Amino acid sequence: MEKELSLSLIERVIYGNGKVEVSQKAMERVQKSYDFLRSFSSNKVIYGINTGFGPMAQWRVEDAYLKNLQYNIIRSHSTGAGEPLDDESVRAAMIARLGTFLQGKSGVHPDEVKLLTAFINNSLVPFIPRHGSVGASGDLVQLAHLALTMIGEGEIKYKGEWRPAAEVFKALNLTPMEIHIREGLSTTNGTSVMTGISAVNQIHAERLLDWATLASVWMNEIAASYDDLMAAELNEVRRHPGQQIIAKRMREIAASSSRLTKREHELYDGPHSEKTFEHKVQAYYSLRCTPQILGPIFETLEYSARIIDEELNSACDNPIVDPESQNVYHGGNFHGDYISLEEDKVKIAVVRLAMTAERQLNYLFHDRINGILPPFLNMGTLGLNYGMQACQFTATSTTAECQTLAMPNYVHSIPNNNDNQDIVSMGTNSALLCRQVIENAYQVYAILFIALAQATDCLDIRKDLCEMSAGVYDRIRQIQPTILEDTPFYKEIARVISWMKENPLRVGLE
């Protein structure tokens, strides 16, 4: 089946004001699934249509109450707690839910698909609390909050303001979702919230890897490192494609630099009588080993992108309505293990990015290590002024928090639901923890880039940098001027974070 959704679509819709367009073929699948379920469900026992939910599935529900059954799961499960999920994650979750319906395996009425598409394209943000999901049966509680708004109840953020859902429906001339057969269960049952959060995580993790790649080039420019650390001949003899790709990207970025040193010119050009070498023969690991460090992160993100893309285009509810085989199958496609495991891996990979940035920052600040820069990049009076000294506290503490959060969440299953859900994925928690690590990593990298600009000024080498380093230097300097006197610049750090998020580098798109 042709894929209707992709990570790139989510990126366009959430960050580029794009719109979701549902193909005619997809709508035909939805209609066919609905028509089949309507005829097939008569005089049969089908979970969630004429039975209770979860452990209550052993009780038959009388025909007179079937619509009430669907409304009841929405209202009874709207029990989330905590702050609302961020707008991007909620919108991505709605796109992921739409992806499930478009497979034509859910038996929902086409009107639900149209309404959900209208929610997405009108930038509506249903109130969905952060806490509530154990990741199986998917995101029941959080998706119930989505469903609550679709039936005209609950709250929706519209044009930046929280308003009763009924008011928003009236303002946009929308009609609340009607229950036909199983719209309540189909909307609440599945992995869409964890998938939506993961899609947003994926976008930002890939952007952070690009920033990390540039930072690693710029670091080596400041150190005037020998450029063979990124040589094709060196990196190709280690067979991992991620390492080779990162090295290639670094070479492409560095091509216009005049700061990197040729080993063959400095050390291979004739006899040397020196007993000690002023310039380091090999740079520190946080500079020299960046292809080897960032390579596995690249491959981790490459794989997680595939898993998220597949989940976006999967039917993840239960039961599965299959018009082709004329059957309804009961199973566990709502189980979030695929997402939970990948988000733990992405989280660990991003923690490694933050750790690398923190070590690179330490190199810039530590004059006895770098040997070429003033302590803490202090361009004022030593002793009287402090340069960027206190920034290291923030970067170090934030990185330490990332390391604590790196503990895998995938293995933290707690049985619940009268032990009906005896092993669960905790996928949404995994995605949310990953999201926090990504936010932390942006903070560390924002400080690192301010420091890279400051180090560039200390050495007066802006004219010698590669084009990309020089371009980012110029933009950083528009936000944070050269630091000469002690002054608060926490607002500037926040502005650099926002700028980085909003201006992806797009390094080396193969």
Side-chain angles (χ1 to χ4, degrees), residues 79-86 88-90 92-93 96 128-143 145 189-206 208-209 296-297 299-312 314 316 332-355 397-417 419-444:
T79 57
E83 294 296 314
L85 292 175
D86 60 275
E88 293 89 350
S89 293
V90 173
I128 300 179
R130 184 181 192 276
H131 289 139
S133 175
V134 297
S137 300
D139 301 308
L140 285 172
V141 167
Q142 287 153 321
L143 284 173
H145 280 272
N189 190 217
T191 64
S192 301
V193 172
M194 68 179 81
T195 302
I197 299 168
S198 300
V200 174
N201 289 348
Q202 183 72 26
I203 291 165
H204 282 293
E206 290 179 6
L208 276 169
L209 179 57
I297 295 173
E299 293 188 43
T300 298
L301 296 181
E302 187 177 51
Y303 187 78
S304 62
R306 180 172 75 81
I307 294 298
I308 294 168
D309 187 72
E310 289 172 350
E311 195 72 13
L312 286 170
S314 294
C316 63
N333 280 359
F334 49 67
H335 217 277
D337 276 48
Y338 273 104
I339 292 295
S340 186
L341 179 56
E342 287 311 305
E343 287 308 282
D344 271 354
K345 289 158 63 179
V346 171
K347 177 180 67 176
I348 291 168
V350 175
V351 171
R352 193 64 166 170
L353 286 180
M355 291 168 60
S397 66
T398 305
T399 301
E401 182 178 277
C402 287
Q403 291 172 315
T404 300
L405 294 174
M407 175 67 185
N409 194 64
Y410 173 65
V411 295
H412 286 180
S413 176
I414 300 177
N416 71 122
N417 196 228
D419 277 356
N420 171 55
Q421 298 181 8
D422 58 347
I423 183 166
V424 296
S425 74
M426 296 297 179
T428 303
N429 284 352
S430 297
L432 286 168
L433 290 170
C434 181
R435 186 66 187 275
Q436 183 61 57
V437 166
I438 288 170
E439 289 299 313
N440 288 359
Y442 268 115
Q443 295 170 21
V444 178

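None of these values were measured; they are calculated from a predicted model.
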So, the side chain of [X] versus the backbone of [Y]: is there a donor-acceptor pair under 3.5 Å, distance only?
X      : Y      : result
Ser430 : Met426 : yes
Asn201 : Val346 : no
Asp139 : Met194 : yes
Asn189 : Leu140 : no
Glu83  : Pro129 : no

Among all residues two or more places apart in sequence or in another chain, which pass the salt bridge (charged side-chain N to carboxylate O under 4.0 Å, His left out) test with Asp337?
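Testing Asp337 for salt bridge (charged side-chain N to carboxylate O under 4.0 Å, His left out), a comparison that skips the adjacent residues, returns none.
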Assess, by modelled atom type and distance only, whether the side chains of Glu342 and Ser198 contain a donor and an acceptor separated by less than 3.5 Å.
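No, Ser198 and Glu342 have no side-chain donor paired with an acceptor closer than 3.5 Å.
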Distance-only side-chain donor-acceptor flag, Thr428 / Ser133, under 3.5 Å:
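Side chains of Thr428 and Ser133: pair found under 3.5 Å.
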Less than 4.0 Å between a side-chain N and a carboxylate O, is that true for Asp309 and Arg306?
no
Nearest heavy-atom pair of [X] and [Y]: which atoms, and what distance?
X      : Y      : result
Arg130 : Leu432 : O-CD1, 3.5 Å
Cys402 : Ala354 : SG-CB, 4.4 Å
Asp344 : Tyr410 : OD2-N, 2.7 Å
Ala305 : Glu206 : CB-OE2, 4.0 Å

Is there a side chain to side chain contact (heavy atoms under 4.5 Å, CB included) between Val424 and Ile414 once you walk through the steps?
CA-CA 7 Å; Val424 296; Ile414 300 177; 5.7 Å; no
Please determine whether side chain to side chain contact (heavy atoms under 4.5 Å, CB included) holds for the pair His412 and Met407, giving the CA-CA distance in whole Å, both sets of side-chain angles, and the decisive distance to 0.1 Å.
CA-CA 10 Å; His412 286 180; Met407 175 67 185; 4.0 Å; yes
With a 4.5 Å heavy-atom cut-off, do Val351 and Leu405 have their side chains touching?
no
Does a side-chain heavy-atom distance below 4.5 Å link Cys316 with Ser192?
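Yes, their side chains come closer than 4.5 Å.
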Sorted by chain and number, sequence neighbours left out, ring-ring contact (aromatic ring centres under 6.0 Å, His included) with Tyr338 holds for none
May I have all residue pairs that pass salt bridge (charged side-chain N to carboxylate O under 4.0 Å, His left out) and include part of residues 426-435, sequence neighbours excluded?
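Sorted result for residues 426-435: Asp86-Arg435, Arg435-Glu439.
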Enter the distance from Cys434:SG to Glu343:CD here, rounded to the nearest 0.5 Å.
4.5 Å
